[in-house]
Protein chains: 2
Amino acid sequence: MNALRSPELDETDWKILAELQSDARLSFNELSRRIHLSAPAVAERVRRLEESGVIAGYGARVDPAKAGQPLLAFIQLRCSLSRCLLKTTGADDFPEIAEVHKLSGEHCSMLKVRAASLGHLEGLIERLGEHGELRTHIVLSTQYDDRPLAPTTPDREVSDSAGWARPGR
Amino acid sequence: MNALRSPELDETDWKILAELQSDARLSFNELSRRIHLSAPAVAERVRRLEESGVIAGYGARVDPAKAGQPLLAFIQLRCSLSRCLLKTTGADDFPEIAEVHKLSGEHCSMLKVRAASLGHLEGLIERLGEHGELRTHIVLSTQYDDRPLAPTTPDREVSDSAGWARPGR
DNA sequence: GGTGAAATTGAGATATG
DNA sequence: CATATCTCAATTTCACC
């Protein structure tokens, strides 16, 4: 179910990912033109990226505001350890929940929710309040939403092991 | 540049959006089959959804962990009002920033960032710290990430105006 | 990884029920 | 507005260099 080796992505792979993240419907022809490679070569790379799971899928990006849900909020849930949300009730009961992350710190969860109106958001918060104490941050505006994943600059990763040499030799 | 009327999305539109969010590469034929409509009708609806901006685009979903950036964190930035991030320095200098939201409350911003390692994250936090006091929440695990936008259940929106009747009559 | 050609597939338009 | 069919164009994929 997993790729064997670490999916080391080279520069070409990142070019492909950049193009495909901004337009999932590019044909191999067009894609090969943009990154200056032959179509079969690109197809092979894309196939590998899909199989290894780096590319998880292709989806339409829906503008929440244009779709009638202009309000965005982050909600921190401080719930008793095992009675967290999604254990007592599925998240399917809350279509307005876009993301759920388990946080370090005080056994909290971070929710990202969307709502159609302040009234709607108020009701949602009330329903969520039953699962624990919560702290709500209402978003006033969004500068960047879901920016495409870009390669990490390798020059800064060196400090990961705090400069220790490998014990090998 | 804008649609004239409010983009009232009916049930069929939401079916289309659901399918397209989970698979952006569906052909009109396949799509029409799934929602039980004719291909031309579907094509017309999709065209309208694109033109009105409800569908903002189509993109590949990249798995950050599989792409070498397994760490996720939320960072609240408490910066002096006008010297907020993205005014002194562009966000292009920070490829690891996935989202930037301006928050209500204490003039804060909410950042969502991804990193390759704890060392990488540490360096990022240091660099961000120059823009103001910050509070970091490291994500331990993610239950839901970017769930597809779903229609808001209309039964709860009624309470928006707190039950007041229209003054018309 | 590049090049070529053949086969499959989907888009668009038209005419009809 | 749904259906059917047709045509055209585009892309995928294969075999070989």
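Letters A, B, ... are given to chains in the order of the sequence lines, protein chains preceding strands, and every chain is numbered from 1.
Residues Val100(B) and Thr142(A) are not in side-chain contact: their nearest non-hydrogen atoms beyond the backbone lie 4.5 Å or more apart.
Residue contacts for Arg25(A): at a heavy-atom cut-off of 4.0 Å it reaches no nucleic acid atom on any strand shown.
Evaluation of the side-chain contact (heavy atoms from CB on, under 4.5 Å) rule for Phe28(B) yields Val42(B), Ala43(B), Val46(B) as partners, not counting sequence neighbours. For Glu122(B), the side-chain hydrogen bond (donor to acceptor under 3.5 Å, both in side chains) criterion is met by no residue, not counting sequence neighbours. Applying the ring-ring contact (aromatic ring centres under 6.0 Å, His included) test to Tyr58(B) and every residue at least two apart in sequence or in another chain returns nothing. Under the side-chain contact (heavy atoms from CB on, under 4.5 Å) criterion, Leu140(A) pairs with Ser104(B), not counting sequence neighbours.
In this structure, the CD atom of Glu44(A) is 15 Å from the C1' atom of dA15(D), given to the nearest Å. As a whole-Å value, the separation of Glu30(A) CD from dA9(D) C1' is 15 Å. As a whole-Å value, the separation of Arg33(A) CZ from dA10(D) C1' is 10 Å. Distance, Ile35(B) CD1 to dC1(D) C1': 14 Å, rounded to whole Å. Going from atom CG of Leu37(A) over to atom C1' of dT3(C) covers 13 Å, rounded to whole Å. The interatomic distance linking Leu31(A) (CG) with dA10(D) (C1') rounds to 16 Å, in whole Å.
The C1' atoms of five pairs define one axis at each end of the helix from dG1(C)-dC17(D) to dG17(C)-dC1(D), and these two axes lie 30° apart (to 10°).
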Using the side-chain hydrogen bond (donor to acceptor under 3.5 Å, both in side chains) rule, take Glu96(B) and His120(B) through it: C-alpha gap first, then chi angles, then the decisive distance, then the call. CA-CA 10 Å; Glu96(B) 38 273 286; His120(B) 182 196; 2.7 Å; yes
Using a 4.0 Å heavy-atom cut-off to protein, can you give one letter per nucleotide of nucleotides 7-17 of chain C, 5' to 3': B if the base is in contact, S if only the sugar-phosphate is, - if neither? ---SS------
